[in-house]
Number of protein chains: 2
Amino acid sequence: MSTAAPAASSRDLPHPVREDIRLEAVLHALSDPMRLQIVRELAADRTELTCSQFVLPVTKSTSTHHFRVLREAGVIRQCYRGTAKMNGLRRDDLDDLFPGLLDALLAAAARQATRLGG
Amino acid sequence: MSTAAPAASSRDLPHPVREDIRLEAVLHALSDPMRLQIVRELAADRTELTCSQFVLPVTKSTSTHHFRVLREAGVIRQCYRGTAKMNGLRRDDLDDLFPGLLDALLAAAARQATRLGG
DNA sequence: GACGTACTACGATGCCTATCGTACGAACTG
DNA sequence: CAGTTCGTACGATAGGCATCGTAGTACGTC
C-alpha cells in the first residue's frame, strides 16, 4: 500500500477485494484461450505490461473486453499510467486465497502448450 | 447383437481420449457451481457414484446436461451398469496430463467452501 | 408382456458472451 | 491548439448455454 495518491492518473478501475474473488469466476475467466494466453504472458514477464504489448488475434474492442473479464474476476490488477493501461497478475491475492492453484494452472497451461505445439 | 459385448452394458458413451483433453475445456467445465460440486463429491467419495446419488437443485434434464459436459471435457468417466449410470473421476488421466492441478483445484474449492460456509 | 426406475433426446426459452465497427475520451507531443 | 496514441463505450450480431417440460428408451423385475 502506501501508494499515497500516486498521481499516476485520475481514472481508476473497479477491482473486487480479495475476499470477493470467487473460484468459479477465476476458472471461467481462464477457460477462454485468449485470456489464458494473456495470463501466461503476464506470469512469464513477472512485471506489469500494457494492453498494447499483447499481440492478440482480435480487435482492440474485444481485447478490452477480455482484460475487463480478467480484472472483474480478480485475476489481474489494472491501472492507468498516462495513456497506457498497466496489467499485473494478482499473485499475492490468489496465492493467499488458493495456495498453489495459480502455479498449478500455469504449469498445466505450459505443459499443454508444449505437448500441442511441439 | 453378437458384438463381443463387455458384459457391463451394451450402451457406451463417447469419451475423449487422454491426449484430447484440453485445459480450457476442463476449466470451463469446473467454472459452473453445479459441476464443481459434482466433482467435489466424486473426489470425496473416491468411488463411482450414480447420477441419482447427487442431490442437485435442478431437474433431471439439467443434471444429465451437466454430467455430459463433465464427461465431454474429460473430467469424469461414465458407464452404464444396468439402469444406473456410474460416474467416476478421471484422476489418472488428469494427473498425468496436468500434475497437481486437480488437487489444487479441489483444495481451492474446499478452502472457498470453508471460508464462505463457516 | 406389464410395470417401475433411471436416464436421455428434443424443443423452447431466456440469458450470457465473444466478436466486430464506429465514435468517443484521456493523455502525451509538437 | 492540432495531431497522435491508447484505450473505452455503445450498439449490433451471432452463437453458446443453463434451465425447463414432455416424451421416449433401456434395463431390471414381476
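Reminder, nothing fancy here: chain letters follow the sequence lines and each chain counts from 1. Any value given below was found using the heavy atoms of this structure, including those in side chains, with hydrogens, waters and symmetry copies removed.
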Worksheet item: Run the side-chain hydrogen bond (donor to acceptor under 3.5 Å, both in side chains) check on B:Glu24 and A:Gln112 step by step: do they pass?
Response: CA-CA 10 Å; B:Glu24 294 90 330; A:Gln112 173 172 280; 3.0 Å; yes

Worksheet item: Counting side-chain heavy atoms from CB outward, which of D:dC20, C:dC20, D:dG7 is closest to B:Thr62?
Response: D:dC20

Discussion item. Measuring from the side chain of B:Met34 (C-beta onward, heavy atoms only), which nucleotide among D:dT5, D:dT19, C:dC20 has the closest atom?
Written reply: D:dT19

Worksheet entry | Given D:dG7, C:dT19, D:dC20, the nucleotide with the shortest approach to the side chain of A:His65 | C:dT19

Worksheet item: Does B:Arg68 have a side-chain nitrogen or oxygen under 4.0 Å from the phosphate oxygens OP1 or OP2 of C:dC7?
Response: no

Worksheet item: With distance as the sole criterion, do the side chain of A:Thr64 and the base of D:dG7 form a donor-acceptor contact below 3.5 Å?
Response: no

Worksheet item: Taking for each residue the nucleotide of DNA chain C with the nearest heavy atom, is it A:Lys60 or B:Leu13 whose nucleotide lies nearer the 5' end?
Response: B:Leu13

Discussion item. Starting the side chain at C-beta, find the nucleotide from D:dC6, C:dT19, C:dC20 nearest to A:Thr59.
Written reply: C:dC20

Worksheet item: Any idea which of D:dG7, C:dA18, D:dA26 is nearest the B:Thr83 side chain?
Response: D:dA26

Discussion item. Return the CG to CG distance between A:Leu105 and A:Leu27, rounded to the nearest 0.5 Å.
Written reply: 7.0 Å

Response to the item:
Testing C:dG21, D:dT19, C:dA18 for proximity to the side chain of A:Asp32, the answer is C:dA18

Worksheet item: Rounding to a whole Å, what distance do you find between B:Glu24:CD and D:dG16:C1'?
Response: 17 Å

Discussion item. OP1 or OP2 of C:dC7 versus the side-chain N and O atoms of B:Ser52: is any pair under 4.0 Å?
Written reply: yes

Worksheet entry | Crowding at CZ, A:Arg115 (>12 non-hydrogen neighbours, <6.0 Å) | yes

Response to the item:
Testing C:dT17, D:dC17, D:dT22 for proximity to the side chain of B:His28, the answer is D:dC17

Worksheet item: With sequence neighbours left out, what residues match B:Arg77 under salt bridge (charged side-chain N to carboxylate O under 4.0 Å, His left out)?
Response: B:Asp92, B:Asp93

Practice prompt. Between C:dA27, D:dC20, C:dC7, spot the one nearest the side chain of B:Thr50, thanks.
Written response: C:dC7

Fill in: Contact under 4.0 Å: A:Arg81 side-chain N or O vs C:dC28 OP1/OP2
no

Worksheet item: Among side-chain atoms of A:Ser61 and A:Thr64, is any donor-acceptor pair under 3.5 angstrom?
Response: no

Worksheet item: For D:dC17, does OP1 or OP2 lie under 4.0 Å from any side-chain N or O of B:His66?
Response: no

